[in-house]
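Notes for the one structure printed next.
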Amino acid sequence: MEVVVAEFGVSLGKKSERVQIRRNGTVIEEHPLFQVSHIIIGSNGVAISSDLVRECALSGIPISFLSGSGKPLARLSSPEMVGSVETRRQQMMAFLDERGVQFALAIARAKIANQAVILKYFGKSRKTSHPELYLRLREAVRRIERTAAELDLLPLTLNDSAEAELKVDDLRLQILSVEGRAGRIYWEAMREILPPELGFTGREHQGAQDLTNSLLNYGYGILYQQVWGAVVLAGLDPFAGFLHVDRPGKPSLVLDLVEEFRQMVVDRTVFGLLTKGVTYKQTSEGRLADEARCEFARRILDRLDTPVRYEGKREKLRAVIQRQARHLACFFRRERDYAGFVSTW
């Protein structure tokens with residue numbers, strides 16, 4: 001289980017073999033350590049004891065920190081939770097050969113395909129009740145699919161020579177251009193799904209104050225931590241990405257792999273809740289209130305426990321994330337191909 005703490009002024013500590021959460025000295029939650037897989041701290045003003053940090057490190061329990069808006073701040077984990085040196089060497093080498101291009105294209109294709117899947121999912125229940133909206137969503141799907149087809153037209157070699165392969169740096173801007181145009185179509189269509197009184201005019205990142213973007217940003221923050229853990233467990237370097245450029249402190253590979261899970265984990269949850277009339281309290285600055293962050297985090301974690309069709313079986317989404325990270329490690333070691341995760345609707 002994952003322990004989520006998003007309330008100012010509480011403290012976490014270790015009592016015997018249990019995690020205790022206290023408010024004003026009174027225990028409000030208690031969980032056996034052997035049942036805890038992850039601790040997520042999503043608020044300022046939360047204290048955590050060194051004894052608990054030490055026990056989590058020894059037990060392989062990561063501790064993640066998010067800002068009030070859901071931005072990933074830090075992740076504590078045991079230094080023993082790393083993979084082989086060979087995996088990381090091959091990951092670095094892939095940046096300079098065809099593997100980097102293949103991975104970046106796989107991520108972009110999966111992200112755009114999942115955007116189309118989400119629009120189909122929300123459109124199917126509106127075919128009878130809102131036929132005009134249904135037709136607009138279907139048209140958006142067709143436009144997204146036409147845009148995605150442009151990825152297949154990108155050159156993979158220089159001067160038609162198989163020995164002069166392009167690197168990911170050579171194609172990044174073209175891939176991001178296709179991804180960006182598909183994204184604009186997607187968010188314009190998603191805006192039509194929501195009641196106008198929610199004031200959702202489009203996707204905003206930092207500083208967003210409307211409820212929809214606040215939920216999306218916080219949900220993505222939780223998803224980042226899930227993917228980060230999967231990347232580390234697979235023996236990969238979270239800071240050496242391909243589609244996202246490298247910057248100090250930026251977990252570029254995590255951001256790459258997140259792209260194929262945003263829609264199924266976060267977008268579907270947020271828009272599903274809002275279209276059903278569920279609402280959450282916000283602060284005067286537009287951030288989710290403490291109790292809202294806790295409740296919404298539970299919704300995202302529940303979604304991660306939802307089984308989906310994957311490789312011919314039913315797997316929980318959190319297991320799919322881990323499997324995809326392991327497949328990626330094998331891909332870098334040239335042990336298998338890599339295909340992005342695309343859900344059904």
**OP:** Indicate if Leu73 and Ile63 have the same hydrophobic cluster label, given that clusters are the connected sets of ILVMFWY residues with side-chain heavy-atom separations under 4.5 angstrom.
**Re:** yes
Original post:
Sequence neighbours excluded, which residues qualify as ring pair (Phe, Tyr, Trp, His ring centres under 6.0 Å) partners of Tyr224?
Top reply: none
Original post:
If two hydrophobic side chains count as joined below 4.5 Å and joins carry through other members, does Val19 share a cluster with Phe34?
Top reply: no
Original post:
Which distance, rounded to the nearest 0.5 Å, do you find between the CG of Leu253 and the CD of Gln91?
Top reply: 5.0 Å
Subject >> From CG (Leu255) to CH2 (Trp228), nearest 0.5 Å >> reply: 9.0 Å
Original post:
Considering residues at least two apart in sequence or located in another chain, which fulfil the salt bridge (Lys or Arg N to Asp or Glu O under 4.0 Å) criterion with Arg181?
Top reply: Glu150
Original post:
What's the verdict on salt bridge (Lys or Arg N to Asp or Glu O under 4.0 Å) for Lys15 and Glu55, showing C-alpha distance, side-chain angles and the deciding distance?
Top reply: CA-CA 11 Å; Lys15 177 71 173 180; Glu55 188 61 37; over 6 Å; no
**OP:** For Glu7, check side chain to side chain donor-acceptor pair (under 3.5 Å) against everything at least two apart and list the hits.
**Re:** Arg23
Subject >> Stepwise side chain to side chain contact (heavy atoms under 4.5 Å, CB included) check, Lys316 with Leu304 >> reply: CA-CA 7 Å; Lys316 292 181 179 180; Leu304 286 165; over 6 Å; no
Subject >> Transitive ILVMFWY side-chain link Leu58 to Ile48, under 4.5 Å >> reply: no
Original post:
Is there side-chain contact between Tyr121 and Thr344, with heavy atoms separated by less than 4.5 Å?
Top reply: no
Subject >> NZ (Lys281) with more than 12 external heavy atoms under 6.0 Å >> reply: no
Original post:
Do Ile112 and Val178 have side chains that get closer than 4.5 Å, going by heavy atoms?
Top reply: yes
Subject >> ring pair (Phe, Tyr, Trp, His ring centres under 6.0 Å) involving Phe261 - partner list, sequence neighbours excluded >> reply: Phe341
**OP:** Using atom types as modelled and distance alone, determine if a side-chain donor or acceptor of Thr147 lies under 3.5 Å from a backbone N or O of Arg143.
**Re:** yes
Original post:
Does the distance from a Lys or Arg side-chain N to an Asp or Glu carboxylate O, for Glu315 and Lys313, drop under 4.0 Å?
Top reply: yes
Original post:
Is Asp152 atom CG crowded by more than 12 heavy atoms from other residues, nucleotides or ligands, each under 6.0 Å away?
Top reply: yes
Subject >> Backbone N/O of Phe332 and side chain of Arg99: donor-acceptor pair under 3.5 Å >> reply: yes
Subject >> Residues forming a ring pair (Phe, Tyr, Trp, His ring centres under 6.0 Å) with Tyr280, sequence neighbours excluded >> reply: Phe296
Using residues 234-249 as the side-chain source, report each donor-acceptor pair under 3.5 Å to any protein atom, sequence neighbours left out, with the distance given to one decimal.
| from | atom 1 | to | atom 2 | distance (Å) |
| --- | --- | --- | --- | --- |
| Asp237 | OD1 | Phe239 | N | 2.8 |
| His244 | ND1 | Asp256 | OD1 | 2.7 |
| His244 | NE2 | Glu259 | OE2 | 3.4 |
| Asp246 | OD1 | Gly241 | N | 3.4 |

**OP:** Would you give the length of the straight line joining atom CG of Leu257 to atom CD of Gln226, rounded to the nearest 0.5 angstrom?
**Re:** 12.0 Å
**OP:** Name all residues meeting the side chain to side chain donor-acceptor pair (under 3.5 Å) criterion together with Gln324; count only those two or more places apart in sequence or in a different chain, and write none if there are none.
**Re:** Glu260, Tyr310, Tyr338
Original post:
Charged N to carboxylate O under 4.0 angstrom, Arg293 versus Asp290?
Top reply: yes
Subject >> With sequence neighbours excluded, residues passing ring pair (Phe, Tyr, Trp, His ring centres under 6.0 Å) with Tyr134 >> reply: none
Original post:
Side-chain heavy atoms under 4.5 angstrom apart, residues restricted to Ile, Leu, Val, Met, Phe, Trp, Tyr: same cluster for Leu96 and Leu171?
Top reply: yes
Let me check something: any side-chain donor-acceptor pairs from residues 268-278 under 3.5 Å, sequence neighbours excluded? List them with distances.
| from | atom 1 | to | atom 2 | distance (Å) |
| --- | --- | --- | --- | --- |
| Thr269 | OG1 | Val265 | O | 2.7 |
| Thr275 | OG1 | Phe271 | O | 2.8 |
| Thr275 | OG1 | Gly272 | O | 3.1 |

Original post:
Would you say Ser64's side chain and His38's backbone share a donor-acceptor pair under 3.5 angstrom?
Top reply: no
Original post:
Would a distance-only check, ignoring hydrogens and angles, find a side-chain to backbone donor-acceptor pair under 3.5 Å from Glu30 to Gln20?
Top reply: no
Subject >> Spacing of CD belonging to Glu2 relative to CD1 belonging to Ile61, to within rounding of 0.5 Å >> reply: 11.5 Å
Original post:
In chain order, what residues pass the salt bridge (Lys or Arg N to Asp or Glu O under 4.0 Å) check against Arg138, with sequence neighbours excluded?
Top reply: none
Original post:
Is there a donor-acceptor pair closer than 3.5 Å between any side-chain N or O of Lys127 and the backbone N or O of Ser129?
Top reply: no
**OP:** Before accepting this row, confirm whether a basic side-chain N of the pair Arg334/Glu98 lies closer than 4.0 Å to the acidic partner's carboxylate O.
**Re:** yes
Original post:
Does the pair Ile39 and Cys56 meet the rule for a side chain to side chain contact (heavy atoms under 4.5 Å, CB included), with working shown?
Top reply: CA-CA 9 Å; Ile39 296 175; Cys56 287; 3.8 Å; yes
**OP:** Determine, for Tyr220 and Arg262, whether the Lys NZ or Arg CZ falls below 6.0 Å from the six-membered ring centre while staying within 45 degrees of the axis.
**Re:** yes
Subject >> Heavy atoms of other groups near Arg309 CZ, more than 12 under 6.0 Å >> reply: yes
**OP:** Can you run down the side-chain hydrogen bond (donor to acceptor under 3.5 Å, both in side chains) pairs that involve residues 187-199, sequence neighbours left out, and say none if there aren't any?
**Re:** Arg136-Glu192
Original post:
What residues, two or more places apart in sequence or in another chain, satisfy salt bridge (Lys or Arg N to Asp or Glu O under 4.0 Å) together with Lys120?
Top reply: Glu145
Original post:
Tyr186 and Ile118: side chain to side chain contact (heavy atoms under 4.5 Å, CB included), yes or no, with the steps?
Top reply: CA-CA 9 Å; Tyr186 173 71; Ile118 286 292; 3.7 Å; yes
**OP:** Under the side chain to side chain contact (heavy atoms under 4.5 Å, CB included) rule, what do Val266 and Leu215 come out as? Steps first, then yes or no, please.
**Re:** CA-CA 9 Å; Val266 181; Leu215 290 171; over 6 Å; no
**OP:** Take Arg54 and Asp51, measure what salt bridge (Lys or Arg N to Asp or Glu O under 4.0 Å) needs, and give me the verdict at the end.
**Re:** CA-CA 5 Å; Arg54 181 178 185 277; Asp51 285 349; over 6 Å; no
Original post:
Heavy-atom count around Met92 CE within 6.0 Å, excluding the residue itself: above 12?
Top reply: yes
Original post:
Are any of the side-chain nitrogens in Arg299 or Asp302 under 4.0 Å away from the carboxylate oxygens of its partner?
Top reply: no
Original post:
Taking atom CG of Leu105 and atom CD of Glu179, what is their separation to the nearest 0.5 Å?
Top reply: 11.0 Å
Original post:
Closest approach of Ile144 and Ala182, non-hydrogen atoms and distance?
Top reply: CG1-O, 4.0 Å
**OP:** Can you establish whether the number of heavy atoms outside Glu311 located under 6.0 Å from its atom CD is more than 12?
**Re:** yes
**OP:** Using modelled atom types only, decide if a donor and an acceptor are shared between the side chain of Asp170 and the backbone of Lys167 within a distance under 3.5 Å.
**Re:** yes
Original post:
Under 6.0 Å from the NE2 atom of His130, do we count more than 12 heavy atoms belonging to anything else shown?
Top reply: no
Subject >> Distance in Å, Leu223 CG paired with Ile321 CD1, rounded so as to fall on 0.5 Å steps >> reply: 5.5 Å
Subject >> N/O donor-acceptor pair under 3.5 Å between Asn114 side chain and Ser343 backbone >> reply: yes
**OP:** Would you kindly confirm whether Ile28 and Val36 end up in one hydrophobic cluster when ILVMFWY residues are joined by side chain heavy atoms under 4.5 Å apart?
**Re:** yes
